[in-house]
Amino acid sequence: MRVQSIAAAAVALLSPQSHAARPEGLPERPILEPSPYHAGQALPVSPPRDDDRFCHVRAGCHPRDDAAPRILKAFEVCNDGGTVVLDQVYWIGSPLDLTFLKHVDVVITGEVHFDDTDVYYWADHSFKYPYQNTSAFWQIGGEDVNIYGDLSNDQSLIDGHGQAYWKEIETNTTLRRPLLFVFEGLEGGSMSNLRMRNPPFWFNLIANSTDIIVSNMDLEAVATDGVKIANSDGWDTYRSNRVVIQDSVINNTDDCVSFKPNSTNVVVQGLVCHGSHGISIGSLGQYKGLTDIVENLHIYNISMSNASDGARIKVWPGIETDFQDNLNGGGGLGWVRNVTYDLFHHENNDRAITITQCYGQKNQTLCNEFPANLTIEDITMKNMWGTTSGAYDPRAGTLVCSADDRCSNIRVENVTVTVPSGESPVYDCLHVDESLLDLTCVAPVIDRDTSQG
Ligand SMILES: *[C@@H]1O[C@H](CO)[C@@H](O)[C@H](O)[C@H]1NC(C)=O
Ligand SMILES: *[C@@H]1O[C@H](CO)[C@@H](O)[C@H](O)[C@H]1NC(C)=O
Ligand SMILES: *[C@@H]1O[C@H](CO)[C@@H](O)[C@H](O)[C@H]1NC(C)=O
Ligand SMILES: *[C@@H]1O[C@H](CO)[C@@H](O)[C@H](O)[C@H]1NC(C)=O
Ligand SMILES: *[C@@H]1O[C@H](CO)[C@@H](O)[C@H](O)[C@H]1NC(C)=O
Ligand SMILES: *[C@@H]1O[C@H](CO)[C@@H](O)[C@H](O)[C@H]1NC(C)=O
Ligand SMILES: *[C@@H]1O[C@H](CO)[C@@H](O)[C@H](O)[C@H]1NC(C)=O
Ligand SMILES: *[C@@H]1O[C@H](CO)[C@@H](O)[C@H](O)[C@H]1NC(C)=O
Ligand SMILES: *[C@@H]1O[C@H](CO)[C@@H](O)[C@H](O)[C@H]1NC(C)=O
Ligand SMILES: *[C@@H]1O[C@H](CO)[C@@H](O)[C@H](O)[C@H]1NC(C)=O
Ligand SMILES: *[C@@H]1O[C@H](CO)[C@@H](O)[C@H](O)[C@H]1NC(C)=O
């Protein structure tokens, strides 16, 4: 107790508005249940936090004062059983390493902005990860952390001010752009009831983590002045096990959810995605000689509109090739196995289903010559309805593997997706067992480009 009161005094010095008792109007931690599906086993119990340890972070004295040191201090003081309260407007202008957390809650009913004054400051000072040149403003990890806001107010916001970065990459395509949010090595945790806006790169990366649930999120990327939004994936999972992402709305220009290497036992359910590149497995097999495993995914009840693709699996060819300045590869090993897409509504998406082992390579002939060494097995896609965009009318999708032995047991059942012309929809199929596909296959147009995005 004595330690706690000294700690409380220290917070009081740093932040005059700190409370020992629960601040008035602070929302309670929401009770989050994976529903209707869970990721294989129950989430670990997160004990209630102490009712007398709230670390309130005060706003800066000047606009854009860097709040990172004050936020760090609050976590140091309130770690191990307390609650950090972010109910003001904060600007973060230096990297924030929060990977030491344990049994702590974070309430964001205010606004967290990342300073975009100098995009090169972040290129130099962000946390760097080897995978796909990713980096972060801040990283959150440890054990048993719950982050939540309250969507009934106008705030509860995390804003990456991506516009400045999207603009800069018009001239510097290799600019290193931070992800908006990273779970890095978190064992047990949740995130819910928050707004996220305008990530310089992806919205969220869940990496090196287990037993995570994300629920009731509202994500949107909006550009101004005709600048093109770059990337903006909703969630990417990487080297993570038992993750549930559910009941959220996403408006973006890249994958709504993307399962990167070594994502296992992931459930994605109840999402509404606008303008995306689909619920995408991969890209996988990007790194020559490395083994990527994606296994046991359940994707349920997705409503998707204005997307390039819906249910999607993207695998690089068996040979390294160039794709983009900061993204190229091929020649990787591994497998995608035991994946179910069930209940999927399409509205104005270019393709309902996309399976390719020729990602990042426009030349399908080359892909057939060097088949992917990453296999696709035991996939079920069922109960899909709606209408495509007509971009490839009467084609509604593509299921093209690179050789007969690279894909097995891919099943499609009860897909009633129509195309705008009213013609009978057809799908490009190659090197897949057509007897398991309850749709009309045609020979692919060999140069159809499924290499992008
Ligand atoms: C995840 O763990 C790997 C291996 O330790 C490490 O290289 C990587 O930086 C970690 N984080 C991310 C986001 O990749
Ligand atoms: C592009 O941005 C990177 C930082 O990510 C920097 O190292 C490089 O020098 C920049 N290139 C140009 C042409 O400005
Ligand atoms: C998605 O965002 C774009 C602007 O970037 C906007 O035009 C569109 O109306 C939004 N869609 C929805 C459904 O909110
Ligand atoms: C993924 O798992 C496989 C098998 O354990 C391992 O060989 C590979 O290095 C892992 N990949 C990453 C990126 O950690
Ligand atoms: C599907 O998800 C939506 C939310 O996006 C929810 O309202 C609806 O009840 C869900 N339907 C089923 C069958 O789970
Ligand atoms: C396949 O994945 C589901 C989760 O989507 C899981 O319940 C099931 O046990 C897995 N099957 C095998 C054979 O691992
Ligand atoms: C899809 O895009 C069209 C045309 O850009 C737009 O009119 C429509 O509102 C969009 N639908 C949604 C759900 O965002
Ligand atoms: C990272 O970006 C550089 C160019 O900035 C590129 O040469 C390299 O291939 C990229 N690395 C990965 C792993 O994608
Ligand atoms: C595609 O690759 C094949 C085999 O490597 C090659 O013969 C052909 O010229 C390539 N086509 C184009 C358009 O590059
Ligand atoms: C990758 O596949 C090719 C055939 O496409 C095969 O010759 C090669 O041995 C495989 N590589 C590995 C490492 O398995
Ligand atoms: C077929 O899918 C629709 C959704 O498109 C669903 O309502 C229906 O129950 C499914 N039929 C069967 C037999 O599962």
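Computed from a prediction, not measured in an experiment: that's the story for all the values here. In listed order, ligands and their atoms are each counted from 1. Just so you know, residue 1 is the first one in the sequence shown, and it goes up from there.
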- prompt: Can you check salt bridge (Lys or Arg N to Asp or Glu O under 4.0 Å) on Arg197 and Asp159, steps first, answer last?
  reply: CA-CA 5 Å; Arg197 296 290 179 266; Asp159 192 335; over 6 Å; no

statement: Numbered in order shown, the ligand 3 atoms found under 4.0 Å of a heavy atom of Ala221 are 5 (O)

Test item: side-chain donor near acceptor, His345 and Glu347, under 3.5 Å: no

statement: One finds that the ligand 9 atoms under 4.0 Å from a non-hydrogen atom of Glu369 are 4 (C), 5 (O)

- request: Could you tell me whether Asp255 and Lys314 make a salt bridge, using a distance below 4.0 angstrom between a side-chain N and a carboxylate O?
  value: yes

- prompt: Counting only heavy atoms on the protein side, is anything nearer than 4.0 Å to atom 9 (O) of ligand 3?
  reply: no

field: Nearest-option assignment for atom 11 (N) of ligand 11, heavy atoms, candidates Asn383, Asn414, Leu343
entry: Asn414

statement: Any heavy atom of Ser305 under 4.0 Å from ligand 3? The part involved is neither

- line: Atoms of ligand 3 under 4.0 Å from any heavy atom of Glu220, numbered from 1 in the order shown, are 1 (C), 2 (O)

task: Report yes or no: do Asn153 and Thr109 form a side-chain donor-acceptor pair below 3.5 Å?
output: no

message: Using a 4.0 Å cutoff against the non-hydrogen atoms of Leu366, which atoms of ligand 9 qualify?
response: 2 (O), 5 (O)

- prompt: For residues Trp316 and Gln361, is any side-chain donor paired with an opposing acceptor at under 3.5 Å?
  reply: no

- request: Could you tell me whether the side chains of Asp97 and Gln139 share a donor-acceptor contact shorter than 3.5 Å?
  value: yes

Any protein heavy atom nearer than 4.0 Å to atom 14 (O) of ligand 3: yes

task: For His274, take its heavy atoms, then give the atoms of ligand 3 lying under 4.0 Å from any of them.
output: 13 (C)

- request: Do me a favour and list the nearest non-hydrogen protein atom to atom 2 (O) of ligand 3 with residue, atom name and distance?
  value: Asn251 ND2, 2.4 Å

message: If you apply the rule ring-ring contact (aromatic ring centres under 6.0 Å, His included), what do you find for His346 with Trp385, and how did you get there?
response: CA-CA 6 Å; His346 294 274; Trp385 79 108; 8.6 Å; no

query: How about atom 5 (O) of ligand 11: does it have a protein heavy atom within less than 4.0 Å?
result: yes

field: Asn363 N/O under 3.5 Å from ligand 9 N/O
entry: yes

message: Need the ligand 11 atom indices (1-based, order shown) with element for anything under 4.0 Å from a heavy-atom of Trp385.
response: 4 (C), 5 (O)

Distance-only polar pair, side chains of Arg239 and Asn262, donor-acceptor under 3.5 Å: no

query: Hey, are His274 and Ser305 close enough side-chain-wise for a donor-acceptor pair under 3.5 Å?
result: yes

